[in-house]
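Data block below; observations after.
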Amino acid sequence: MNRIWNSIVGKLWATILLLVSFVLFIVTALLLEFLDDFHTQQAEESLRREATTIGKIVNDHESQTSMNLIIDDILDDETNAMIVDTNGEVTHSFHKGLNKDRIENKVLYESMFYAAEKNNKQVVKEMILPSINEENVMEQYLVLSYPLEKGEQLGSSVIIYQSLEAVHRTTESTTRIVFLSAFIAFILTTFFAFFLSTRITSPLRGLRQAAFELSKGNFDTRLPVMQNDEIGQLATAFNQMGRQLKYHVELINQDKEQLSSILTSMTDAVITFNRDYTILLSNPQAEQLLQNWYFKNGAQEGNHHIPPAIFHMLEHVITFAEEVEDELELGGQFYGISISPLYSGNSIRGAVAVLRDMTDQHKLEKLRSDFIANVSHELRTPISMLQGYSEAIIDGVITSDEERDEMVQIIHDESKRMGRLVTDLLDLARMESGHMRLYKDDLSMIPFLDRIVNKFMQVAREANVDLTFEFLEDTVLISNVDEDRMEQVLTNLIDNAIRHTPDGGSVRLGIQKKVDMIEITVTDTGVGIPQEDLPYIFERFYKADKARTRGKGGTGLGLAIAKSIIDSHGGKIAATKGDTEGTIFSCILPLKKM
């Protein structure tokens with residue numbers, strides 16, 4: 001029931017019924033009042049005609065018997081009459097039914113009729129008189145006093161009275177007809193109200209269902225246009241709205257996906273803040289940055305605090321509506337941060353922060369500074385020696401040919417050292433820039449390594465170091481490499497191992513197959529490299545412990561060059577501390593598939 005009254009069908013039906021019921025009530029009331037008056041007037045007219053007829057009959061007939069017969073035929077069962085003379089006496093009585101005397105006495109004693117007889121005037125009045133059909137029952141009568149003219153004598157009158165029960169019966173019959181018509185009208189109104197409501201609400205229900213589907217994101221929902229009226233126009237407008245919504249939502253999704261792709265592909269961290277400093281949007285780089293900061297600062301999962309430095313900058317931006325740029329350090333990383341306010345109209349609704357990782361740039365700056373300092377340091381010693389010995393020769397300080405030849409030899413050796421340093425720097429620059437070309441070819445690694453070992457045998461004997469080569473017999477290991485560059489790498493590693501191995505020590509060169517790779521190892525029994533220096537030994541000019549100084553003619557670039565060559569071959573080079581002593585260098589190269 002509540003569903004009906006809450007629907008537009010019930011509301012339209014109730015509205016139409018109330019309107020029709022109100023109209024029918026007014027019309028019925030007015031119609032019944034009119035019919036009641038009309039029937040009363042008709043009864044008065046009928047009584048007046050009958051009174052006139054009786055008056056003529058009385059004047060025209062001398063015979064009492066014939067007059068009574070004629071008047072009895074004129075009067076019906078509900079109508080009675082009497083003729084009263086000027087003295088108020090009843091001369092003729094035409095009464096049928098009960099209570100004759102009581103009715104006549106009550107009528108004659110009515111002062112209004114008595115005055116009318118005196119003045120020869122017609123008088124009509126409704127009176128309550130005894131019933132002519134039942135004892136002790138009073139009914140409403142319509143009484144008419146009509147003056148009777150007989151020659152020149154005036155004063156006699158015909159009093160005719162009729163029970164209004166007939167009028168009431170007629171009125172009741174008419175009322176029943178009116179109420180029956182009203183009931184039929186009520187039923188028809190209900191039927192047409194429901195029909196009209198259904199014609200209106202059925203499309204509206206379809207519109208409601210389509211709206212629900214539209215709210216769920218089903219923008220392909222369409223309404224059938226079955227009419228050309230306002231409802232049909234509404235369906236057309238709804239379909240057009242659905243198409244426009246689909247178009248605009250697709251545009252918004254495209255823009256959102258484009259923005260998401262841009263934010264995701266950005267190397268910079270982007271964070272959007274609300275006015276209350278909560279995070280609204282962030283890209284993966286920003287999430288990773290904040291997550292690292294949380295973990296390093298002991299923050300629990302779900303803690304949405306931001307670094308204090310960023311918070312103070314954000315507070316300044318939102319408070320003063322000014323863009324802020326600065327550089328800060330977070331967890332050992334350096335970031336350039338820029339925070340700008342976001343506006344909604346004239347008010348600030350938040351801010352967007354862009355954090356660029358400047359750590360690599362800082363490292364490059366440090367490497368550049370270290371490189372300049374190291375190059376300057378490496379060049380200063382030979383230049384100083386060249387300058388000093390050359391000045392000694394120029395100044396004639398030398399007293400013998402042997403001293404002069406010795407100084408010239410020193411100048412020559414230092415110039416060669418400078419040449420090697422410059423050559424290594426140029427090679428390293430070409431490798432790192434990708435301009436150095438590799439001449440790769442299939443190379444059998446075991447014979448190649450055996451040749452390298454034989455080349456260093458004499459050097460090892462002079463340094464009192466045992467140099468060995470270990471490999472599996474009847475094994476063929478072929479790799480696609482540049483032979484000259486690989487010789488340069490192994491020469492550097494073996495030479496370093498021999499130079500930093502004390503007398504009586506050993507250097508072992510080994511090769512073995514690991515899945516689809518070749519691993520070449522150079523192991524020495526020297527003092528070894530400290531564990532904390534191992535990650536940095538492949539950097540240019542890096543100086544480890546004094547036990548492995550470059551005081552024996554090295555440029556300090558050999559390992560950096562070796563790493564660049566191995567990397568360019570798609571391999572890896574690493575250094576680890578030996579199990580008991582020394583250092584192990586391992587080079588991993590791709591194995592050519594046979």
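What you see is a predicted model, and the numbers here were worked out from it, not measured in a lab.
Residues Leu314 and Tyr277 have side chains in contact (heavy-atom distance under 4.5 Å, counting atoms from C-beta outward). Looking at heavy atoms from C-beta onward, Gln209 lies in side-chain contact with Glu213 at the 4.5 angstrom threshold. At a threshold of 4.5 Å between non-hydrogen side-chain atoms, the residues Phe273 and Val317 do not count as touching. With contacts defined as side-chain heavy-atom distances shorter than 4.5 Å, the pair Gln258/Asp255 qualifies. Between Met486 and Glu483, the closest side-chain pair of non-hydrogen atoms is not below 4.5 Å. Taking the side chain as every heavy atom from C-beta outward, Pro307 and Leu328 never approach each other to under 4.5 Å.
Counted within 6.0 Å of NZ on Lys577, heavy atoms from surrounding residues, nucleotides or ligands total more than 12; the atom is thus considered enclosed. Counting heavy atoms of neighbouring residues, nucleotides and ligands inside a 6.0 Å radius, atom NZ of Lys455 exceeds 12 of them.
To the nearest 0.5 Å, atom CD1 of residue Ile271 and atom CD1 of residue Ile337 are 7.5 Å apart. Distance check, rounded to the nearest 0.5 Å: CD1 of Ile318 to CG of Leu342 gives 9.0 Å. Taking CD1 of Ile518 as the reference point, atom NZ of Lys592 lies at 11.5 Å (rounded to 0.5 Å). The OG atom of Ser568 sits 8.5 Å away from the CZ atom of Arg485 when rounded to the nearest 0.5 Å. Going from atom CZ of Phe585 over to atom CG of Asn496 covers 7.0 Å, rounded to the nearest 0.5 Å. One distance of note links CD1 of Ile511 with CD of Glu470; it measures 12.5 Å at 0.5 Å rounding.
At distances below 3.5 Å, at least one donor-acceptor pair connects side-chain atoms of Asn283 with backbone N or O atoms of Val270. Remark: side-chain polar atoms of Thr319 are not paired, donor with acceptor, to backbone N or O of His316 under 3.5 angstrom. A donor-acceptor pair under 3.5 Å links the side-chain atoms of Thr583 to the main chain of Ile529, judged by distance alone. Between the Asn492 side chain and the Gln488 main chain, no donor and acceptor come within less than 3.5 Å of each other. In terms of modelled atom types and a separation under 3.5 Å, the side chain of Asp357 and the main chain of Ala269 share no donor-acceptor contact. Distance alone, capped at 3.5 Å, is enough to place a donor-acceptor pair between the Thr359 side chain and the Phe334 backbone. With Thr491 contributing its side chain and Glu487 its backbone, the two residues share a donor-acceptor pair below 3.5 Å. A side-chain donor-acceptor contact under 3.5 Å links His569 to the backbone of Asp482. Side-chain N or O atoms of Thr523 include none that pairs as donor or acceptor with a backbone N or O of Ile584 at under 3.5 Å.
The two atoms that bring Asp268 and Gln285 nearest to each other are O-CB, 3.9 Å, heavy atoms only. Of all heavy-atom pairs between Ala321 and Ile348, the closest is CB-CD1, 3.2 Å. When every heavy atom of Ser506 is checked against every heavy atom of Thr501, the shortest pair comes out as N-CG2, 3.8 Å. In this structure, Arg349 and Tyr343 approach most closely via the heavy-atom pair NE-O, 3.5 Å. Of all heavy-atom pairs spanning Phe538 and Lys563, the tightest one is CB-CD, 3.6 Å. Closest non-hydrogen pair, Asp442 versus Asn480, comes out as OD1-ND2, 3.0 Å.
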Using side chain to side chain contact (heavy atoms under 4.5 Å, CB included), reason through Tyr335 and Leu289 one step at a time and then give a plain yes or no.
CA-CA 10 Å; Tyr335 295 93; Leu289 185 153; 3.3 Å; yes
Does the pair Asp524 and His500 meet the rule for a side chain to side chain contact (heavy atoms under 4.5 Å, CB included), with working shown?
CA-CA 8 Å; Asp524 64 60; His500 295 289; 5.8 Å; no
Could you please spell out the steps behind the side chain to side chain contact (heavy atoms under 4.5 Å, CB included) verdict for Thr521 and Ser586?
CA-CA 4 Å; Thr521 59; Ser586 62; 4.0 Å; yes
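Remark: of the listed residues Val481, Ile573, Ile561, Ile520, Ile573 is the sole one forming a side-chain contact (heavy atoms from CB on, under 4.5 Å) with Ile566. Checked against Phe456 for a side-chain contact (heavy atoms from CB on, under 4.5 Å), the options Leu509, Val507, Leu467 give a single hit: Leu467.
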